[in-house]
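Only one structure is covered here, and it is reproduced in the block below.
In what follows, chains carry the letters A, B, and so on, assigned in the order in which the sequence lines appear, proteins first and then strands, with residues in each chain numbered from 1.
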Number of protein chains: 2
Amino acid sequence: MSHVLIVDDERDLAELIDFNLRGAGFSTRLAFTGEAALAAAREQSPDVVLLDLMLPDLSGIEVCRHLRANSQLRDVLIVMLTAKSEEADRIRGFEVGADDYVVKPFSVRELVLRLKAILRRSAAPKESVPPLALGPLRLDVTAHRFYVEGQETSLTALEFRLMEHLMARLGRVQSREQLLEEVWGLSSSLETRTIDTHVMRLRDKLGNARALLETVRGVGYRIVDPTAG
Amino acid sequence: MSHVLIVDDERDLAELIDFNLRGAGFSTRLAFTGEAALAAAREQSPDVVLLDLMLPDLSGIEVCRHLRANSQLRDVLIVMLTAKSEEADRIRGFEVGADDYVVKPFSVRELVLRLKAILRRSAAPKESVPPLALGPLRLDVTAHRFYVEGQETSLTALEFRLMEHLMARLGRVQSREQLLEEVWGLSSSLETRTIDTHVMRLRDKLGNARALLETVRGVGYRIVDPTAG
DNA sequence: CCCTTGCGTGACAAATGGGTGACGGACGCT
DNA sequence: AGCGTCCGTCACCCATTTGTCACGCAAGGG
């Protein structure tokens, strides 16, 4: 998913956040000082910086300013964390360009939701996605429906993701490793055979169109283009 | 877009809001006192008044009362800004007819979202948007009424918002996170199961039409289009 | 033609997600 | 103050989903 740089000098809190964000599927990195934060940000430009206002060396506001001044990092999303609802700090936080603001104490759940919300908003405003159509197959991401030869076919959430991934990469072989990483999220190390099982289940549901989901022995799987020779 | 009159005696905050609302496409005007606010309102009747409760001369509540008493301005939307502690003020704010309130400290994003939401809500009746009708369901946003098979069914405020959100997105799956963010407002962090409970309550009230509110396991909820194949 | 390796498949247990009833706190009304 | 309503949370239970395994077939190389 997205990469989050957590900047807070209270290690306990930082690690708590870290643990929870990882659990929510983010990749993370910690920094306990402003300098370390800037270094880390330069090194692997994160998608979001979670920035505590009170830091031992630079203040969060200064860190913010530095980030905004760096052309590489200008567009990073910044979420400020502050201990109290200190009006003045908050205002300065927005002035230097924080994208959102979370007041401590906050629930981790809320923090995660805010992060996801802010990321979603900054991403493409994809209200609805045109369905992927392909020969007898049609996959409607928005409605989360799947049709084979015009007949709706129910897929589980995982099957749907797998099918979407394959259809979006029409004709290209996807290795097991790729699929594990991109469909499953790689978080849990799975037996590779798991994929085979799910491909089989998907084929069952494809019925007559099962031939479209090809095995490439020793490599992976792909959806073939029915219109191509 | 819409014209907003910002009334707050803390100039820094007022200007911060001003800056951000302009960024969000609103036209704005500032007033730092209650008198100035009333004058500005009379002069160029705004669509929304963002009204701080604590003002040097008149209180926000008095300003509100004056606005409501003026036949020209009676229908202006009023959003109160209150500090968290002033619970009692909040209540009085609604009593005199504020349309929404935002508790300080608020994130500017939240404020903008609230403004847009309230404008959308109020824009609907003027354009005489027909009620959302859908098979046996009819939801009249203007009158805030809901009918199942022609029979009026009372929904709580929250249920109404949830139903409206789902019906307005006919056929599209809405994830729990989306619902939390857009129906609940994500200002408060909620257990995810809260949504399930409310969906269940909604279904109860749908009676025979309960099947129209579908669960998409592992994904979210959607209203099905009864006219679609 | 045989052997090796990769894959398909059916079975199964564990994990997950969601429906539901109950509870209690907060709020608003009288 | 007393009462009813609304809403968030919880615990329990069930159905479905999902990961894993074992078995056997099929493909491909020698």
Side-chain angles (χ1 to χ4, degrees), chain A residues 23-25 107-110 113 144 146 153-163 173-177 179-181 183-207 210-222, chain B residues 84 86-96 98 101 103 144 146 153-163 173-177 179-180 183-207 210-222:
Chain A
S107 84
V108 174
R109 184 186 301 280
E110 180 179 359
L113 284 176
H144 211 273
F146 180 65
T153 306
S154 78
L155 299 183
T156 71
L158 188 76
E159 286 163 359
F160 195 91
R161 257 180 292 147
L162 178 57
M163 198 66 208
V173 178
Q174 298 301 109
S175 72
R176 286 178 171 65
E177 288 72 27
L179 292 173
L180 274 183
E181 187 173 330
V183 177
W184 271 259
L186 184 67
S187 48
S188 57
S189 67
L190 298 173
E191 283 295 318
T192 344
R193 302 308 307 283
T194 297
I195 292 182
D196 301 32
T197 302
H198 281 281
V199 166
M200 185 200 70
R201 288 171 183 159
L202 211 39
R203 280 182 177 145
D204 276 352
K205 297 192 177 180
L206 292 184
R210 61 156 44 219
L212 293 181
L213 209 181
E214 282 189 345
T215 303
V216 182
R217 191 185 168 83
V219 185
Y221 295 96
R222 76 176 157 216
Chain B
K84 205 166 209 166
E86 298 163 349
E87 195 72 10
D89 287 344
R90 209 188 82 224
I91 293 168
R92 278 193 295 147
F94 272 122
E95 275 170 9
V96 288
Y101 69 93
V103 176
H144 210 270
F146 181 64
T153 306
S154 77
L155 300 183
T156 70
L158 185 56
E159 285 163 359
F160 194 89
R161 256 181 293 153
L162 177 57
M163 197 66 209
V173 173
Q174 298 300 109
S175 71
R176 285 181 170 63
E177 288 174 8
L179 292 172
L180 273 183
V183 176
W184 272 259
L186 82 61
S187 45
S188 62
S189 65
L190 298 174
E191 285 294 321
T192 340
R193 301 309 304 284
T194 297
I195 292 182
D196 302 40
T197 302
H198 281 280
V199 166
M200 188 197 67
R201 288 170 183 160
L202 210 40
R203 281 184 177 143
D204 277 351
K205 296 193 176 179
L206 292 184
R210 61 157 42 219
L212 292 181
L213 209 180
E214 282 190 344
T215 302
V216 182
R217 194 180 221 272
V219 185
Y221 295 96
R222 76 179 158 215

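Straight-line distance from the CD atom of A/E110 to the P atom of D/dG8: 14 Å, rounded to whole Å. Rounded to whole Å, atom P of C/dG24 lies 18 Å from atom CD of B/E191. Whole-Å rounding puts the A/D204 CG to D/dT16 P distance at 17 Å. Distance CZ (A/R161) to P (D/dT17): 13 Å, rounded to an integer number of Å. Atom CG of A/L202 is separated from atom P of D/dG19 by 14 Å (rounded to the nearest Å). The interatomic distance linking A/E177 (CD) with C/dG6 (C1') rounds to 14 Å, in whole Å. One can place CD of B/E159 at 8 Å from C1' of D/dC6, the figure rounded to the nearest angstrom. Per the geometry, NE2 belonging to A/H198 stands 17 Å off P belonging to D/dT16, to the nearest Å.
Taking side-chain N and O atoms only, B/T156 has no distance below 4.0 Å to OP1 or OP2 of D/dC6. The side chain of A/W184 contributes an N or O atom lying less than 4.0 Å from OP1 or OP2 of D/dG19. Between B/T197 and D/dC7, a side-chain N or O to OP1/OP2 separation shorter than 4.0 Å is absent.
Contacts of B/T197 classified as side chain to side chain contact (heavy atoms under 4.5 Å, CB included), with partners at least two apart in sequence or in another chain: B/R201. Listed by chain and residue number, A/R203, A/D204, A/L206 satisfy the side chain to side chain contact (heavy atoms under 4.5 Å, CB included) test with A/R210 (two or more places apart in sequence, or in another chain). By the ring pair (Phe, Tyr, Trp, His ring centres under 6.0 Å) test, B/Y221 is found to be paired with no residue, residues two or more places apart in sequence or in another chain being considered. A/E214 pairs by the side chain to side chain contact (heavy atoms under 4.5 Å, CB included) definition with A/R222, A/V224, not counting sequence neighbours. Considering only residues two or more places apart in sequence or on other chains, A/T156 meets the side chain to side chain contact (heavy atoms under 4.5 Å, CB included) condition with A/L158, A/E159, A/K205. Contacts of B/R217 classified as salt bridge (charged side-chain N to carboxylate O under 4.0 Å, His left out), with partners at least two apart in sequence or in another chain: none.
Counting all heavy atoms, side chain and backbone alike, A/I195 lies closest to A/R176 at CD1-O, 3.3 Å. Here the closest heavy-atom approach between residue B/V219 and residue A/A157 is recorded as CG2-CB, 4.2 Å.
Ring-plane geometry between A/F160 and A/H144 is classed as parallel, the angle between the planes falling under 30 degrees on a 0 to 90 degree scale with a further cut at 60.
Comparing the end axes of the helix from C/dC1-D/dG30 to C/dT30-D/dA1, each fitted to five base pairs by superposing C1' atoms of four pairs onto the next four, gives an inter-axis angle of 30° (nearest 10 degrees).
Comparing A/A157 and B/S154 along DNA chain D, the residue whose closest nucleotide (by nearest heavy atom) sits nearer the 5' end is B/S154.
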Please write out the pairs of protein N or O atoms and N or O atoms of nucleotides 12-19 of chain C separated by less than 3.5 Å, giving the distance to one decimal.
residue: C/dG17; atom: O4'; partner: B/R217; partner atom: NH1; Å: 3.2
residue: C/dG17; atom: O3'; partner: B/G218; partner atom: N; Å: 3.4
residue: C/dG17; atom: N3; partner: B/R217; partner atom: NH2; Å: 3.1
residue: C/dG18; atom: OP1; partner: B/G218; partner atom: N; Å: 2.7
residue: C/dG18; atom: OP2; partner: B/R176; partner atom: NH1; Å: 3.4
residue: C/dG18; atom: OP2; partner: B/R176; partner atom: NH2; Å: 3.4
residue: C/dG19; atom: OP1; partner: B/R203; partner atom: NH1; Å: 2.8
residue: C/dG19; atom: OP1; partner: B/T215; partner atom: OG1; Å: 2.5
residue: C/dG19; atom: OP2; partner: B/Y221; partner atom: OH; Å: 2.8
residue: C/dG19; atom: N7; partner: B/R193; partner atom: NH2; Å: 2.6
residue: C/dG19; atom: O6; partner: B/R193; partner atom: NH1; Å: 3.3
residue: C/dG19; atom: O6; partner: B/R193; partner atom: NH2; Å: 2.9

